[in-house]
Undergrad: 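Here it is: the structure, laid out below.
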Amino acid sequence: MDSKAVVDLIYWRDIKRSGVVFGASLFLLLSLSVFSIVSVLAYIALALLSVTISLRIYKGILQAIQKSEEGHPFRSILESNLAVPEDLVQKYCNVALNHVNCTVKELRHLFLVEDLVDSLKFAVLMWVFTYIGALFNGLTLLIVALISLFSIPVIYERHQTQVDHYLALVNKNLKSTSDLILSKVPGLKRKAE
C-alpha cells in the first residue's frame, strides 16, 4: 500500500473500505483482549474454512444439478502464484534495518546521556509510561490507538481552525514553562543547535 491509500483509508474517503478495515481490526483487538492469540487464530481459521468448504460443497451440488463442468470454484486462486518476490522481501528488510539502526543510535544517545535535557525528557516519558502501564494493558492501548487513528484525523480535518488555535495556545504555554524551567535550573541549558 502506498501512503495515499493509507491516508484515504484513515480519512474515510472510501467509507466501505475504511469501515471494513476499522471493524475487522477492532474486532480482532477486542477478540485478543478476551481470548488468547492461539484461540483467535484458530477461530479465524475455522470461520474461513467454514466459508470455503460450504462454497465448495454448494458449487459441487449446483454443478451436479445443472450437469455443468465448471470445475473447482477456487481454481484461479489455486493456479495463481502466491510466492513473495525475493526483491520485495529484500527491500522491506533494508527499510526495517534502517529503522532498527536509527532506533539503536537514538537509544544510545538517550541512555548514555549525550544530551542531559533529552535524557531527562526521556526519563520523564518513561516515568509517565509506568503509570499508563499500571492503568492499561497493551491491548487496551492498541484499541485506543486504533480508534484514535480512525477518528482524530477526521475530527481535525472538520475543525482544523479551532484545533489549531487551541494547539497554538498550548504550545505557547509549554514553551514559556519550558524556558522558565531551563532558565532556573543550572546545567539544563540546551546546547546551541
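Not measured: the values here are computed from a predicted model.
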Undergrad: If you count every heavy atom of other residues, nucleotides or ligands that lies below 6.0 Å from Gln160 atom CD, does the total exceed 12?
TA: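 It does: Gln160 CD has more than 12 such atoms within range.
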Undergrad: Is the shortest heavy-atom distance from the side chain of Leu55 to the side chain of Phe74 under 4.5 Å?
TA: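 Heavy-atom side-chain distance check passes, below 4.5 Å.
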Undergrad: Give the minimum heavy-atom separation between Asn81 and Ala83, together with the two atoms involved.
TA: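 Taking every non-hydrogen atom into account, OD1-N, 3.1 Å.
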Undergrad: Any donor-acceptor pair under 3.5 Å linking the side chain of Ser39 with the backbone of Phe35?
TA: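 Pair absent, no side-chain N/O of Ser39 close to backbone of Phe35.
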Undergrad: Less than 4.5 Å apart, any side-chain heavy atom of Val34 and any of Leu30?
TA: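 Val34 vs Leu30: side chains apart.
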Undergrad: Side-chain contact, heavy-atom cut-off 4.5 Å: Lys59 with His72?
TA: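 Sidechains of His72 and Lys59: no contact.
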Undergrad: With a 3.5 Å distance limit and no angle check, can you tell me whether Thr52 reaches the backbone of Leu49 through a side-chain donor-acceptor pair?
TA: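 Here the side-chain-to-backbone pair exists.
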Undergrad: Measure the spacing between OG of Ser3 and CG of Asp8 and express it to the nearest 0.5 Å.
TA: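 Nearest 0.5 Å value for the OG-CG distance: 9.5 Å.
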Undergrad: Is Phe27 reachable from Leu46 through a run of hydrophobic residues whose side-chain heavy atoms are each under 4.5 Å from the next?
TA: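 Unlinked, Leu46 and Phe27 end up in two clusters.
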Undergrad: Can you see which heavy atom on Pro73 is nearest to which on Arg56, and at what distance?
TA: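 Nearest heavy atoms, Pro73 then Arg56: CD-CD, 3.6 Å.
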Undergrad: Hydrogens and angles aside, do Asn173 and Ser176 bring a side-chain donor and acceptor to less than 3.5 Å of each other?
TA: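 No, because no side-chain N or O of Asn173 sits under 3.5 Å from a partner of the opposite role on Ser176.
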Undergrad: For the backbone of Phe136 and the side chain of Thr140, can you confirm whether one donor and one acceptor N or O come within less than 3.5 Å of each other?
TA: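 Side chain of Thr140 to backbone of Phe136: no pair is present.
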Undergrad: Does any part of the side chain of Leu146, heavy atoms only, come nearer than 4.5 Å to the side chain of Leu29, both counted from C-beta?
TA: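 Yes, side chains in contact.
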Undergrad: CG of Leu9 to NZ of Lys4: how many Å apart, nearest 0.5 Å?
TA: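 Rounded to the nearest 0.5 Å, the CG-NZ separation comes to 11.5 Å.
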Undergrad: Hey, what do you get for CG (Leu135) to OG1 (Thr130), rounding to the nearest 0.5 Å?
TA: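 These two atoms lie 9.5 Å from each other.
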Undergrad: Hey, what do you get for OG (Ser68) to CG (Leu62), rounding to the nearest 0.5 Å?
TA: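 Ser68 OG to Leu62 CG: 7.5 Å, rounded to 0.5 Å.
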Undergrad: Should Ile147 and Val163 be regarded as members of a common hydrophobic cluster, given that ILVMFWY residues are connected when their side-chain heavy atoms come within less than 4.5 Å of each other, either directly or indirectly?
TA: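 Looking at the clustering, Val163 is in a separate group from Ile147.
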Undergrad: Please walk me through it: do Phe150 and Val21 pass side chain to side chain contact (heavy atoms under 4.5 Å, CB included)?
TA: CA-CA 10 Å; Phe150 277 88; Val21 170; 4.0 Å; yes
Undergrad: Could you measure the distance from the CE atom of Met126 to the NZ atom of Lys121? Nearest 0.5 Å is fine.
TA: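 Spacing of CE (Met126) from NZ (Lys121) equals 14.0 Å.
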Undergrad: Check whether any side-chain heavy atom of Leu182 lies under 4.5 Å from a side-chain heavy atom of Ser178, and answer yes or no.
TA: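 In short, these two side chains touch, coming nearer than 4.5 Å.
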Undergrad: Would you find more than 12 non-hydrogen atoms of other residues, nucleotides or ligands less than 6.0 Å from Ile37 atom CD1?
TA: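 Open: at most 12 neighbouring heavy atoms sit under 6.0 Å from CD1 of Ile37.
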Undergrad: Is Ile15 atom CD1 crowded by more than 12 heavy atoms from other residues, nucleotides or ligands, each under 6.0 Å away?
TA: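 No, CD1 of Ile15 has 12 or fewer neighbouring heavy atoms, counting only those of other groups under 6.0 Å.
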Undergrad: Are Leu48 and Ile53 connected in the hydrophobic side-chain network, where two residues link if heavy atoms are under 4.5 Å apart?
TA: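 No, Leu48 does not connect to Ile53 through the hydrophobic network.
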Undergrad: Is there side-chain contact between Leu149 and Phe22, with at least one heavy-atom pair below 4.5 Å?
TA: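 Of all side-chain heavy-atom pairs linking Phe22 with Leu149, none is under 4.5 Å.
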Undergrad: Under 3.5 Å, is there a donor-acceptor pair linking the side chains of Asp118 and His109?
TA: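 There is such a pair between these side chains.
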Undergrad: Taking the side chain as every heavy atom from C-beta outward, state whether Leu110 and Asp115 have any atom pair closer than 4.5 Å.
TA: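 They are not in side-chain contact.
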Undergrad: Test salt bridge (Lys or Arg N to Asp or Glu O under 4.0 Å) on Asp87 and Lys91; report intermediate values, then the result.
TA: CA-CA 6 Å; Asp87 58 334; Lys91 173 186 164 189; over 6 Å; no
Undergrad: Search all heavy atoms of Ser148 against all heavy atoms of Pro153 and return the closest pair with its distance.
TA: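 Shortest heavy-atom separation between Ser148 and Pro153 comes out as O-CD, 3.6 Å.
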Undergrad: Under 4.5 Å between side-chain heavy atoms, hopping through other hydrophobics if needed: is there a path connecting Leu141 to Trp127?
TA: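 Cluster IDs for Leu141 and Trp127 match.
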Undergrad: With distance as the sole test, does Trp12 use its side chain to make a donor-acceptor pair with the main-chain N or O of Arg17 at under 3.5 Å?
TA: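 No; zero donor-acceptor contacts below 3.5 Å.
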Undergrad: Look at the rings of Phe111 and Phe122 and say which category their plane angle falls in: under 30° parallel, 30 to 60° tilted, over 60° perpendicular.
TA: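 Because their plane-to-plane angle is over 60°, the rings of Phe111 and Phe122 count as perpendicular.
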Undergrad: Stepwise, does the side chain to side chain contact (heavy atoms under 4.5 Å, CB included) test hold for Leu28 with Ile44?
TA: CA-CA 9 Å; Leu28 178 67; Ile44 290 172; 3.9 Å; yes
Undergrad: Check whether Leu125 and Val144 end up in the same hydrophobic cluster, where Ile, Leu, Val, Met, Phe, Trp and Tyr are linked by side-chain heavy atoms less than 4.5 Å apart.
TA: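 The answer is no; the residues belong to distinct hydrophobic clusters.
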Undergrad: Please test Arg158 against Val154 for side chain to side chain contact (heavy atoms under 4.5 Å, CB included), starting from the C-alpha separation and ending with a verdict.
TA: CA-CA 6 Å; Arg158 290 187 183 150; Val154 176; 3.7 Å; yes
Undergrad: Can you measure from OG (Ser31) to OH (Tyr43) and round to the nearest 0.5 angstrom?
TA: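 So the gap between those two atoms works out to 10.0 Å.
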Undergrad: Do Leu142 and Leu139 come close enough that some side-chain heavy atom pair is under 4.5 Å?
TA: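 Yes; the side chains approach each other to less than 4.5 Å.
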